Amino acid sequence: MDLKQSFKIIKATLTEKVIPSYNVIFDIANEVTDLLMAEKTDYRPSASDGSPGGLLDFQQDLLPVIVVPDLHARPFFLLNILKYKLSDGDSVFDSLKKKKIRLIFVGDILHTEKNTYERWEAASLEFQEGLYTGPAISAEMQEGLSLLCGLMQLKLMFPENCHILKGNHENIYNHTGDGDYGFRKYADEGNMCRLFIQEYYGDDILYMIHMFEKNLPLMFLGNKCLVSHAEPLSAYRKEEIINARLDAEIVAGLTWTENDAASEGSVKNTILNLINQDDTGDYVYLGGHRPVKEKYKCRQNGLYIQIHNPEMQNVALVRSDRKFNPDTDIVEVAK
């Protein structure tokens, strides 16, 4: 992909008000899945069965890290992130091109959460009448699939500097098993999205998206932070995270944890297990999943920080030369 035209390509994907075509989704999903399946590197060690491991290990890396909470079908949020100017004057996108940052997404790409109650209600009525590609669900899927394609393009453009973690919404089959659970919140979103894709595109596109999801990592380890979609349910060891896809309980424990459900010390001990030190030092554990009403919310004695506010467009900026401060280092990319 030509990086000189790369921003225009991403912007067009995120701003076009049409549902991505069959060929567009198939080609991008096929290419990015091949990339993920081959992502067996020093920073992503293979699982014991030879598949891509669940851990991205950048502990020795000194590049700044930008952590992005749940996007939930907000293509404008991703576009605003890429245009956001960092302290050196470069945009996030230009910094990716120059390989000066790492951009980490905590997952949850589909299923809008913000100001869409009426649309989900309308889509639910369509669904009850057997209309699986009606106007309401089509509007929802246009936004969600445009975002999905934009993220896949970004991963293809910057494979070592852009990483997408699996969230609990990365379950296009809407099945229960292997650490996943069928999803519904405002409506029967998981089932509705699955049936839309089957009817609009066919089973092969459903499978391609599933393969993309299946090969996503579950945790990022940086020089000053850990990141997973949800608060870790238990304390996990490095080998357990690398092999997480082989253990449904660990997949669920990194993607589905409810507030106040995690075992005491799960964050602290996971950090200690991964950095192999006696104290957590300047490390912080960042995640999304459970919405907060504030700019952020601290849990587990301040070691775990939730940054997903659906009403805001916040990201966390983590630098290797100083301790993360949520009051100053969580910034809104658009007002």
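For clarity, every value in this text was computed on a predicted model and none was experimentally measured.
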Separation between [atom1] of [X] and [atom2] of [Y], rounded to the nearest 0.5 Å:
| X | Y | atom1 | atom2 | result |
| --- | --- | --- | --- | --- |
| L233 | T255 | CG | OG1 | 10.0 Å |
| L226 | L303 | CG | CG | 10.5 Å |
| D203 | H210 | CG | NE2 | 12.5 Å |
| I172 | M211 | CD1 | CE | 14.5 Å |
| N223 | Y283 | CG | OH | 5.5 Å |
| I28 | L148 | CD1 | CG | 8.5 Å |

Is the closest side-chain heavy-atom distance between [X] and [Y] below 4.5 Å?
| X | Y | answer |
| --- | --- | --- |
| D247 | V251 | no |
| I307 | V68 | no |
| V284 | K224 | no |
| Y84 | V331 | yes |
| V333 | V92 | no |
| T112 | Y186 | no |
| V67 | V315 | no |

Please determine whether the number of non-hydrogen atoms from other residues, nucleotides or ligands lying under 6.0 Å from atom [atom1] of [X] exceeds 12.
| X | atom1 | answer |
| --- | --- | --- |
| E121 | CD | no |
| D278 | CG | no |
| N276 | CG | no |
| K40 | NZ | yes |
| N301 | CG | no |
| Y173 | OH | yes |

Ring centres of H169 and H229 under 6.0 Å apart?
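No - the distance between ring centres of H169 and H229 does not fall below the 6.0 Å cut-off.
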
Any salt bridge linking [X] with [Y]? Criterion: basic side-chain nitrogen under 4.0 Å from a carboxylate oxygen.
| X | Y | result |
| --- | --- | --- |
| K185 | E113 | yes |
| D88 | K100 | yes |
| R237 | E240 | yes |
| D329 | R322 | yes |
| E189 | R184 | no |
| D57 | K238 | yes |
| E39 | K155 | yes |
| D90 | K98 | yes |

Could you pull out the closest heavy-atom pair between [X] and [Y], with the gap in Å?
| X | Y | value |
| --- | --- | --- |
| E213 | R245 | O-NH2, 2.8 Å |
| H308 | G288 | CB-CA, 3.8 Å |
| N215 | T33 | ND2-CG2, 4.0 Å |
| C162 | F105 | SG-CE1, 3.7 Å |
| L254 | S228 | CD2-OG, 4.0 Å |
| G150 | L14 | CA-CD2, 4.1 Å |

What is the ring orientation for Y201 with Y22, classed by angle as parallel under 30°, tilted 30 to 60°, or perpendicular over 60°?
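Tilted, since the angle between the ring planes falls between 30° and 60°.
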
Quick one: sort the H163 and F58 rings into parallel, tilted or perpendicular, breaks at 30° and 60°.
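Taking F58 first and then H163, their aromatic rings sit tilted (interplane angle of 30° to 60°).
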
Quick one: does [X]'s side chain have a donor or acceptor within less than 3.5 Å of a partner on [Y]'s backbone?
| X | Y | result |
| --- | --- | --- |
| K295 | D327 | yes |
| T15 | K11 | yes |
| N309 | E311 | yes |
| H111 | D108 | no |
| Q300 | V267 | yes |
| N273 | Y236 | yes |
| E170 | I109 | yes |
| T257 | G253 | yes |
| N243 | L246 | no |
| T41 | R44 | yes |

Mind running ring pair (Phe, Tyr, Trp, His ring centres under 6.0 Å) on F93 and F7 for me, showing each step along the way?
CA-CA 8 Å; F93 191 84; F7 184 75; 5.2 Å; yes

For a quick check under 3.5 Å, do [X] and [Y] share a side-chain donor-acceptor pair by atom type?
| X | Y | value |
| --- | --- | --- |
| Q306 | E231 | no |
| S138 | Y200 | no |
| N23 | S21 | no |
| S146 | E16 | no |

Working for salt bridge (Lys or Arg N to Asp or Glu O under 4.0 Å), residues R119 and E143
CA-CA 12 Å; R119 187 165 77 189; E143 294 176 356; 3.0 Å; yes

Please report the C-alpha distance between R194 and D188 in whole Å, then the side-chain angles of each, then the deciding distance to 0.1 Å, and finally whether the salt bridge (Lys or Arg N to Asp or Glu O under 4.0 Å) criterion is met.
CA-CA 10 Å; R194 176 182 65 84; D188 193 6; over 6 Å; no

In one Ile/Leu/Val/Met/Phe/Trp/Tyr side-chain cluster, 4.5 Å: M157, L71:
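Yes.
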
